[in-house]
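Report on the following structure.
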Amino acid sequence: MKSKQPEIITDNSGQATDKRKRKVRDSFLIFGSPLIEQAEIDEVIATLRSGWISTGPRTAKFEELFAAYIGSKHALALNSCSAALHVSLLVSGVKPGDEVITSPMTFAATGNAIIHVGAKPVLVDIELPSMNINPDLIEEKITAKTKAIIPVHFAGRPCRMDRIMSIAKKHNLVVIEDAAHAIEARYNGKKIGTIGNLTCFSFYVTKNIVTGEGGMVTTDNDEFAEKIQTYALHGLSMGAWKRYSDEGFKHYEVVIPGYKYNMMDIQAAIGIHQLPRVERYLRRREEVWKRYDQAFEGLPAKIPAPPEPNTKHARHLYTLLLDKPRIDRDDFQQALYRRNIGTGIHFIALHLHPYYQQEFAYKRGDFPNAEYVSDRTISLPLSAKLSDEDVEDVIETVCTCAKEKNAR
Ligand SMILES: *Cc1c(COP(=O)(O)O)cnc(C)c1O
């Protein structure tokens with residue numbers, strides 16, 4: 001962790017004062033800092049020593065463990081969730097000119113993947129307080145060009161999948177879940193990763209478990225699984241890592257112009273030790289969440305809604321919705337930063353970004369609920385790595401900055 005000298009503030013007499021801008025902490029609390037334990041470090045070193053550092057036995061083991069954890073027939077490891085979304089759209093047969101429905105309250109990767117296959121991201125507003133796509137607004141956006149829906153389980157809260165699946169079935173659409181936040185989530189007793197046709201997960205550094213960079217697709221569909229492997233490795237007809245194994249050399253054939261999306265064993269080495277701790281890390285984030293909920297009652301801000309009945313929330317992001325105009329979100333974020341508390345913004349709504357406005361004529365006013373969140377949201381540190389002291393530092397700083405006028 002980067003350690004910064006605390007800023008010394010002096011009044012006119014030159015005397016140090018710790019009045020309002022006093023920092024709670026001497027070191028910067030990084031937003032979304034991963035918890036890396038000794039087993040991962042040892043496994044990475046063993047991988048380096050093994051001579052097999054790219055896709056190989058550890059990636060195969062990580063896939064096996066992941067499929068078992070999720071309860072899916074297949075799990076395909078890739079180098080990111082962005083790659084996972086892209087190949088999922090490709091194997092679903094989404095083509096240039098098609099349309100794909102998704103939420104404006106997501107990371108750029110979701111929309112960009114749709115654009116990468118030449119399709120148009122058709123946005124549907126979120127519902128409040130869940131901040132997930134509103135299934136009741138999906139059907140009015142379906143046209144003859146619509147091929148798929150990408151629900152995003154925002155912050156780890158599962159979308160209303162029963163409704164989404166029935167709409168997809170009625171209109172013959174593929175459902176690709178963006179579960180970058182939601183590895184542990186469940187909906188009506190079903191694990192996320194077993195509901196849609198394909199589900200994409202992320203192991204980026206801030207996510208619930210990490211491999212540095214990394215992603216996974218789960219599916220029960222054999223054809224999708226086989227095609228994903230081909231698309232993810234140059235379009236070769238068989239896994240290249242097998243080409244050099246002791247099963248003997250085999251020629252490969254290029255069957256499509258694929259991509260270079262495979263996961264390295266160095267990454268999988270981290271994942272195979274993170275995955276067995278996924279529920280333990282979740283329990284720690286649940287504790288922190290509960291503490292935040294208690295501490296922030298009465299602030300001029302909304303705390304996250306409790307999980308919907310019959311669901312399991314994966315507690316990826318703790319988002320406060322700050323009262324506007326009483327608190328300016330950007331100023332508030334700066335004030336926390338100056339007091340050594342790192343935060344995130346999830347997300348500036350997709351339709352507010354210049355590319356999406358220029359290319360698809362989206363504008364402010366199109367999705368009022370997404371804009372409401374986009375203008376007020378701030379994500380506080382939430383990671384299994386947080387100590388009780390870290391959590392109290394966040395609470396004290398947030399309460400100070402929210403209550404003081406001109407907190408900056
Ligand atoms: C992080 C994230 C992604 C992209 O994941 P990468 O593994 O970084 O490519 C996609 N969708 C959402 C909602 C995310 O938060």
Side-chain angles (χ1 to χ4, degrees), residues 52-64 66-67 70 72-100 102 107-121 147-148 150 173-180 193 196-204 211-245 247-268 271:
W52 205 307
I53 62 178
S54 189
T55 313
R58 284 178 174 87
T59 303
K61 184 173 175 194
F62 186 35
E63 290 176 335
E64 207 177 288
F66 199 85
I70 296 292
S72 60
K73 189 165 179 199
H74 302 280
L76 294 315
L78 301 169
N79 60 13
S80 70
C81 179
S82 305
L85 289 163
H86 186 201
V87 291
S88 294
L89 286 160
L90 288 167
V91 303
S92 302
V94 179
K95 299 234 151 40
D98 289 342
E99 294 176 359
V100 176
T102 194
F107 185 52
T110 321
N112 292 353
I114 297 168
I115 296 165
H116 292 154
V117 297
K120 178 185 176 186
K147 290 291 152 57
I150 307 186
L173 308 176
V174 180
V175 174
I176 301 168
E177 293 172 64
D178 183 334
N197 303 89
L198 300 132
T199 306
C200 302
F201 297 90
S202 175
F203 314 120
Y204 177 65
T211 60
E213 300 286 352
M216 191 78 77
V217 184
T218 59
T219 182
D220 284 345
N221 182 312
D222 297 337
E223 195 188 321
F224 282 164
E226 204 183 309
K227 280 189 177 166
I228 286 169
Q229 284 181 300
T230 300
Y231 270 108
L233 202 66
H234 308 294
L236 308 189
S237 55
M238 56 185 173
W241 74 271
K242 288 193 187 129
R243 280 191 289 132
Y244 301 103
S245 73
E247 289 167 33
F249 189 86
K250 299 181 193 87
H251 286 291
Y252 63 82
E253 290 179 313
V254 178
V255 291
I256 39 157
Y259 298 83
K260 187 69 198 291
Y261 282 164
N262 53 305
M263 178 179 276
M264 295 194 289
D265 269 22
I266 300 173
Q267 294 166 300

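Everything quoted here is computed from the prediction, not taken from an experiment.
- Checked against a 6.0 Å centroid threshold, the rings of F203 and F62 count as neighbours.
- When the shell of 6.0 Å around CD1 of I115 is examined, it contains more than 12 heavy atoms from other residues, nucleotides or ligands.
- With hydrogens and angles ignored, the 3.5 Å screen pairs a side-chain donor or acceptor of S237 with a backbone N or O of E253.
- Between atom OG of residue S202 and atom CG of residue L78 there is a gap of 11.0 Å, rounded to the nearest 0.5 Å.
- Listed here is the closest heavy atom pair of D178 and C81: OD1-SG, 4.3 Å.
- Closest non-hydrogen pair, H74 versus N221, comes out as CD2-O, 3.9 Å.
- In this structure, Q267 contributes its side chain and E213 its backbone to a donor-acceptor pair below 3.5 Å.
- Among all heavy-atom pairs drawn from S54 and N262, the shortest one is OG-ND2, 3.6 Å.
- The nearest pair of heavy atoms linking M263 to T55 is O-OG1, 2.6 Å.
- Residues T102 and I150 share a closest heavy-atom pair of OG1-O, 2.7 Å.
- Within the 4.5 Å cutoff, the side chain of L76 has heavy atoms near those of the Q229 side chain.
- Separating the CZ atom in F201 from the OG1 atom in T218 is a distance of 4.5 Å, to the nearest 0.5 Å.
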Tabulate below the donor-acceptor pairs under 3.5 Å that side-chain atoms of residues 83-96 make, not counting sequence neighbours, or state none.
unit_1: H86; atom_1: ND1; unit_2: Y261; atom_2: OH; d: 2.7
unit_1: S88; atom_1: OG; unit_2: A84; atom_2: O; d: 2.7
unit_1: S92; atom_1: OG; unit_2: S88; atom_2: O; d: 2.6

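- For N79 (side chain) and A232 (main-chain N/O), no donor-acceptor pair under 3.5 Å exists by modelled atom type.
- Without hydrogens or angle criteria, S72 side chain to T219 main chain gives no donor-acceptor distance under 3.5 Å.
- Proximity of C200 to I176: side-chain heavy atoms (C-beta onward) are separated by under 4.5 Å at one or more points.
- A donor-acceptor pair under 3.5 Å is absent between the side-chain atoms of D98 and the main chain of A119, judged by distance alone.
- Listed for the D265 side chain is a donor-acceptor partner under 3.5 Å among the backbone atoms of T59.
- T199 OG1 to E177 CD: the interatomic distance, rounded to the nearest 0.5 Å, is 4.0 Å.
- Atom NE2 of residue H234 and atom CD1 of residue I256 lie 11.5 Å apart, to the nearest 0.5 angstrom.
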